[in-house]
Amino acid sequence: FSVKSVASSSSPSAVAAEQASQGLSRIGLLSQVSGVLGCQWGDEGKGKLVDILAKHFDIVARCQGGANAGHTIYNAEGKKFSLHLVPSGILNEETVCVIGNGVVVHLPGLFEEIDGLEYNGVSCKGRILVSDRAHLLFDFHQVVDGLREAELANSFIGTTKRGIGPCYSSKVIRNGIRICDLRHMDTFPQKLNFLLSDAALRFQGFKYSPDMLKEEVEKYKRFAERLEPFIADTVHVVNESIAQKKKILVEGGQATMLDVDFGTYPFVTSSSPSAGGICTGLGIAPRILGDLVGVVKAYTTRVGSGPFPTEILGKDGGLLRFAGQEFGTTTGRPRRCGWLDVVALKYCCQINGFSSLNLTKLDVLSDLPEIQLGVLYKHTNGTPVKSFPGDLRVLEQLKVEYEVLPGWQCDISKVRNYSDLPKAAREYVERIEELVGIPIHYIGVGPGRDALIYK
Ligand code: 2SA
Ligand code: GDP
Ligand code: MG
């Protein structure tokens, strides 16, 4: 397998012209390995930026999560695609898409996604590589996800029920079945039997019979055949590509506030959507990691349970949800909405060391007469909270101090130059930059590919 280089796909002069006009200098991502990561609780619009940037990269890779992710992108004709496992570089036909070792792969879902893309004219053959080290996520993991949530009753996490937690549990407890195990159908049934009987022992509601195992094994024999051309040692492919000076863009799923270590535990996902997940989920050395772009919505959303300090409850939160069309890409669940939380954003920037930010959905705030920014957390006794607390009880009890900025109350969705934004919108952007200390290089003013301002 070989990855065609972005630089060698056109003549040198064409490449120079491209870079000079609207290429690499404009996007500011000059490092060999760059990444796009979520700064809040997911759905910041990571997919859109990755789709736009893809043409400047040879490889776009996912390093963690699974089909819990929902990344919405639009092609040049405005056709909408919702991606879950396939990286958002897939619409750019020169890009190779890698599903790294850190991803948990539900094969029926992956094939459904590939079929949907092919049906819509997007060729996937030879363009998607799945790591032989990635773990298989079975239907039973999804059933167990639902059973665990039911057991938790009122304190449920609000997972996507895509089986993510149970699959990572299998991986970490070392019972997991990996993509490379599909090449050993002699031992596969035994491994799967162990997983299924374990689940049956743990959950009364889990129905399991020898027929079910037989059926699942037969299904996976067919999947194994179909998957074979997609399977690769992606650690080798990625590192060989790095050695050949090719460019790699890593697409994060979920976000730092959902990170199993840094997020609002236990109301988190089961992977590492922060910078560290790039190294462990793709086999890329930390020294090689370059520019990371943090994607942050101009307000905040969260789907599922857990603390949300700047949440707007009631009718006003509903208005923001309606304006931003805040419904889950994977599950259709309504997202909780609130003001931009600068305390959480600074914490996220600290962990990830972003070189720049993409502020998305600024257009959604256009109708508001005033906009609030959560700038400080205070304990109930009035003393400031020094940094984002790990203790959920502290987080649930604190008070947020807000700054109030004027709104601009006009349509900005057609604006393409930063200087053409209304003064109040620029002031909002610049106040965030000032508070966080990281430049905002990209500003989203609509869902479409063209609705992006380069600042
Ligand atoms: P899980 O399924 O075990 O990863 O759920 C654990 C928590 O992680 C949250 N989570 C997400 N939050 C926002 N967006 C996600 N993707 C979909 C989307 C979500 C959807 O793009 O809209 O469609 O509902 C995502 N994936 C996981 C989840 O809500 C739990 O809080
Ligand atoms: P992701 O998971 O971070 O890729 O984000 P999602 O795709 O789940 O959710 C972001 C939603 O906002 C999608 O429907 C995007 O099409 C849309 N979107 C992205 N950027 C913008 C923007 O700047 N303005 C508006 N109005 N919508 C946007
Ligand atoms: Mg999403």
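Numbering of ligands and ligand atoms starts at 1, following listing order. Worth saying up front: this structure is predicted, and the values here are computed from it rather than measured.
Remark: ligand 2 atoms within the under-4.0 Å shell around heavy atoms of Val445 are 23 (O), 24 (N). Close contacts between ligand 2 and Tyr74 involve ligand atoms 16 (O) [criterion: under 4.0 Å to a heavy atom]. The distance from ligand 1 to the heavy atoms of Val268 drops below 4.0 Å at these ligand atoms: 6 (C), 7 (C). Near Arg335, the atoms of ligand 2 lying under 4.0 angstrom from a non-hydrogen atom of the residue are 8 (O), 9 (O).
Look at Lys55 and Glu93 and you find no salt bridge, because none of the NZ, NE, NH1 or NH2 atoms lies under 4.0 Å from a carboxylate O. Between Lys423 and Glu427 there is a salt bridge, since a side-chain N of the basic residue sits under 4.0 Å from a carboxylate O of the acidic one. Between Asp43 and Arg335 there is a salt bridge, since at least one side-chain N of the basic residue sits less than 4.0 Å from a carboxylate O of the acidic one. Comment: Arg393 does not engage Glu396 in a salt bridge, judged by the lack of any side-chain N to carboxylate O separation of less than 4.0 angstrom.
For Gly42, every N, O or S atom stays at 2.8 Å or more from the Mg ion (ligand 3).
Centroid-to-centroid, the aromatic rings of Phe81 and Tyr74 stay 6.0 Å apart or farther. Taking the six-membered ring wherever Trp is involved, the centroid distance between the rings of Phe138 and Tyr220 falls below 6.0 Å.
With a 4.0 Å cut-off on non-hydrogen atoms, Thr72 touches ligand 2 through its backbone as well as its side chain. Both the backbone and the side chain of Lys361 come within contact range of ligand 2, each with a heavy atom under 4.0 Å. Contact annotation: for Thr329 versus ligand 1, heavy atoms closer than 4.0 Å belong to both the backbone and the side chain.
The single protein non-hydrogen atom nearest to atom 19 (C) of ligand 2 is Lys48 CD, 4.0 Å, given as residue, atom name and distance. Ranking protein heavy atoms by distance to atom 26 (N) of ligand 2, first place goes to Asp363 OD2, 2.7 Å. Shortest contact from atom 8 (O) of ligand 2 to any protein heavy atom: Gly70 O, 2.8 Å.
For Arg335, the closest heavy-atom approach to ligand 1 falls below 4.0 Å. Contact between Trp41 and ligand 1 is present, with at least one heavy atom of the residue lying under 4.0 Å from the ligand. At least one heavy atom of Arg333 sits under 4.0 Å from some atom of ligand 1. Residue Ser270 places every heavy atom at 4.0 Å or more from ligand 1.
Across Gly45, Gly446, Gly444, heavy-atom proximity to atom 21 (C) of ligand 2 is greatest for Gly446. Comparing Asn68, Thr269, Ile164, Thr330 by heavy-atom distance to atom 23 (O) of ligand 1, the nearest is Thr330. Taking each of Ile157, Thr160, Val303 in turn, the one with a heavy atom nearest to atom 12 (N) of ligand 1 proves to be Val303.
Considering backbone and side-chain N/O of Ala451, none are found under 3.5 Å from N/O of ligand 2. Checking only distances, Thr329 does come within under 3.5 Å of ligand 2, N or O to N or O.
Of the residues listed (Lys297, Arg302, Arg321), the one engaging Glu326 in a salt bridge (charged side-chain N to carboxylate O under 4.0 Å, His left out) is Lys297, and it is the only one.
Minimum-distance N/O/S atom of Asp43 relative to the Mg ion (ligand 3): OD1.
The shortest side-chain heavy-atom distance between Pro309 and Tyr377 falls under the 4.5 Å cut-off.
Checked by atom type, the side-chain pair Ser274/Asp259 shows a donor-acceptor distance below 3.5 Å.
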